[in-house]
Amino acid sequence: MARARMLLVEDDAALAELLIWHFKREDFEVVHTVDGEEALLLAQENVPDIVLLDWMVESLSGIEVCRRLRRMNGTANVPIIMLTARGEEEDRVRGLETGADDYVTKPFSPRELVARVGAVLRRVRPALAGETLTFADVEMDTVGHKVRRGGQVIPLGPTEFRLLKHFLEHPGWVFSRERLLDSVWGQDSDIELRTVDVHIRRLRKAINADGRHRDIIRTVRSAGYALDTDGAA
């Protein structure tokens, strides 16, 4: 797998140190700055594969940095994930409309952020993301079509495999049954909504080894399902 180059723009020293450690452990090359103006210069000098951009940084706001990166030829298509303590819907929409590919609200799990970065890279630069999807102790070899949990092979049917793959590509995202039908079965499918619940139960049974592992598929009442470490509600 090619080594991915990350530009981290974050003025919280403790958080930056933590993120650098996590991403270097995943074999990322990380360049860090606390300054928005410097971030633009660094991005021009050596175009990164992905940018982690805090909303509030020195000299220029993260929003303005994002806007300028999108206007520059060399960085117009570089994926950007915004990091911010601002969780209001209006702020999230503003960040995404400015050009961010994803939006993570503080506080967050560094492991989830690593997974989100991987998901973004898989969509825009698959050669950098490799062929293995991971979350917690679950690993999926998308080429060999194998799933392991804690090192043990987990047999899955084709539908459960596609369902788990979709969750692994979007960790922490809540998907309604309708969205899962569209994404996993296809928009032209005439499968009933309750079929989603049946396959979720099968997937849970398989990856949880009949209760021997912690449930990582969370049921969100009146909303759908998500892959995270909170487990089922």
Side-chain angles (χ1 to χ4, degrees), residues 1 4 6 8 15 18-19 21-28 49-53 79-84 87 92 95-96 100-126 128-143 145-151 154 156 159-184 196 199-209 213-221 223-233:
M1 180 177 74
M6 170 182 289
L8 172 63
L15 177 58
L18 179 65
L19 293 179
W21 183 86
H22 274 276
F23 281 102
K24 283 191 174 180
R25 190 176 67 167
E26 298 296 324
D27 202 33
F28 279 77
D49 296 303
I50 190 163
V51 177
L52 289 188
L53 177 60
I80 299 171
I81 296 181
M82 298 287 295
L83 308 176
T84 178
R92 294 198 300 272
L96 294 171
D101 295 270
D102 202 354
Y103 188 105
V104 179
T105 304
K106 301 176 182 178
F108 53 80
S109 160
R111 291 176 66 186
E112 179 181 342
L113 181 59
V114 169
R116 286 194 180 216
V117 166
V120 170
L121 287 176
R122 279 190 294 277
R123 290 198 298 272
V124 298
R125 303 194 178 186
L128 289 170
E131 299 163 344
T132 301
L133 307 180
T134 62
F135 182 82
D137 57 349
V138 175
E139 297 182 357
M140 172 180 283
D141 177 353
T142 60
V143 174
H145 217 268
K146 292 180 180 179
V147 174
R148 290 180 174 84
R149 184 163 193 186
I154 305 295
L156 292 179
T159 301
E160 286 72 41
F161 186 91
R162 293 197 307 273
L163 190 58
L164 179 60
K165 181 175 183 290
H166 183 70
F167 281 129
L168 288 170
E169 289 173 342
H170 305 88
W173 293 25
V174 178
F175 292 99
S176 67
R177 292 164 178 82
E178 291 86 356
R179 287 282 304 279
L180 288 172
L181 277 178
D182 287 347
S183 300
V184 178
V196 175
H199 286 283
I200 289 287
R201 286 196 297 271
R202 291 179 182 173
L203 178 59
R204 271 189 171 134
K205 182 177 180 179
I207 65 174
N208 296 334
H213 290 293
R214 183 178 181 182
D215 192 0
I216 57 172
I217 298 178
R218 179 165 59 100
T219 300
V220 183
R221 188 168 298 176
Y225 299 100
L227 183 71
D228 65 32
T229 52
D230 286 341

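Predicted, not measured: the structure shown is a model, and the values here were computed from it.
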Open item on the list: Which heavy atom of M82 sits nearest to which heavy atom of A100, and what is that distance?
Closed with: CG-CB, 3.4 Å

Can you tell me how far the [atom1] atom of [X] sits from the [atom2] atom of [Y], to the nearest 0.5 Å?
{"X": "L203", "Y": "L227", "atom1": "CG", "atom2": "CG", "answer": "9.0 Å"}
{"X": "M6", "Y": "I81", "atom1": "CE", "atom2": "CD1", "answer": "7.0 Å"}
{"X": "S176", "Y": "L180", "atom1": "OG", "atom2": "CG", "answer": "6.5 Å"}
{"X": "K205", "Y": "D215", "atom1": "NZ", "atom2": "CG", "answer": "14.0 Å"}
{"X": "L168", "Y": "F135", "atom1": "CG", "atom2": "CZ", "answer": "8.5 Å"}
{"X": "L164", "Y": "I207", "atom1": "CG", "atom2": "CD1", "answer": "5.5 Å"}

Task: Check ion pair K146-D141 (N to O, under 4.0 angstrom) - done: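 Judged by the 4.0 Å cut-off on N to carboxylate O distance, K146 and D141 do not form a salt bridge.
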
TODO: Using atom types as modelled and distance alone, determine if a side-chain donor or acceptor of D101 lies under 3.5 Å from a backbone N or O of I80.
DONE: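 Answer holds: yes.
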
Task: R218/Y225 under side chain to side chain contact (heavy atoms under 4.5 Å, CB included): CA gap, chis, key distance, verdict - done: CA-CA 6 Å; R218 179 165 59 100; Y225 299 100; over 6 Å; no

Open item on the list: Among R214, H213, R149, which residue satisfies the side-chain hydrogen bond (donor to acceptor under 3.5 Å, both in side chains) criterion with N208?
Closed with: R149

Open item on the list: So, using salt bridge (charged side-chain N to carboxylate O under 4.0 Å, His left out) as the criterion, who are the partners of E160 when residues are at least two apart?
Closed with: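 If we apply the salt bridge (charged side-chain N to carboxylate O under 4.0 Å, His left out) test to E160, skipping adjacent residues, there are no hits.
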
- [ ] List for me each residue that meets salt bridge (charged side-chain N to carboxylate O under 4.0 Å, His left out) alongside E169, sequence neighbours excluded, and say none if there are none.
- [x] K165

- [ ] Please step through side chain to side chain donor-acceptor pair (under 3.5 Å) for the pair R204 and T219, ending with a clear verdict.
- [x] CA-CA 11 Å; R204 271 189 171 134; T219 300; 2.8 Å; yes

Open item on the list: Contact between F108 and L15 at the side-chain level, heavy atoms closer than 4.5 Å - yes or no?
Closed with: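 They are in side-chain contact.
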
- [ ] Step by step, work out the side chain to side chain contact (heavy atoms under 4.5 Å, CB included) result for L83 and K106.
- [x] CA-CA 7 Å; L83 308 176; K106 301 176 182 178; 4.3 Å; yes

Task: Result of checking L52, L121, V104 against R116 for side-chain contact (heavy atoms from CB on, under 4.5 Å) - done: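 One option only clears the test, and that one is V104.
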
- [ ] State which residue, out of L53, L19, I50, V51, fulfils the side-chain contact (heavy atoms from CB on, under 4.5 Å) condition with L8.
- [x] L19

Task: Verdict with supporting geometry, W173 and F167, side chain to side chain contact (heavy atoms under 4.5 Å, CB included) - done: CA-CA 8 Å; W173 293 25; F167 281 129; over 6 Å; no

Task: Partner residues of F23 under the ring pair (Phe, Tyr, Trp, His ring centres under 6.0 Å) criterion, sequence neighbours left out - done: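 For F23, the residues satisfying ring pair (Phe, Tyr, Trp, His ring centres under 6.0 Å) (neighbours in sequence not counted) are F28.
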
- [ ] Evaluate the side chain to side chain contact (heavy atoms under 4.5 Å, CB included) criterion for residues R162 and T159: first the C-alpha distance (whole Å), next the side-chain angles of each, then the deciding distance (0.1 Å), finally the verdict.
- [x] CA-CA 5 Å; R162 293 197 307 273; T159 301; 3.5 Å; yes

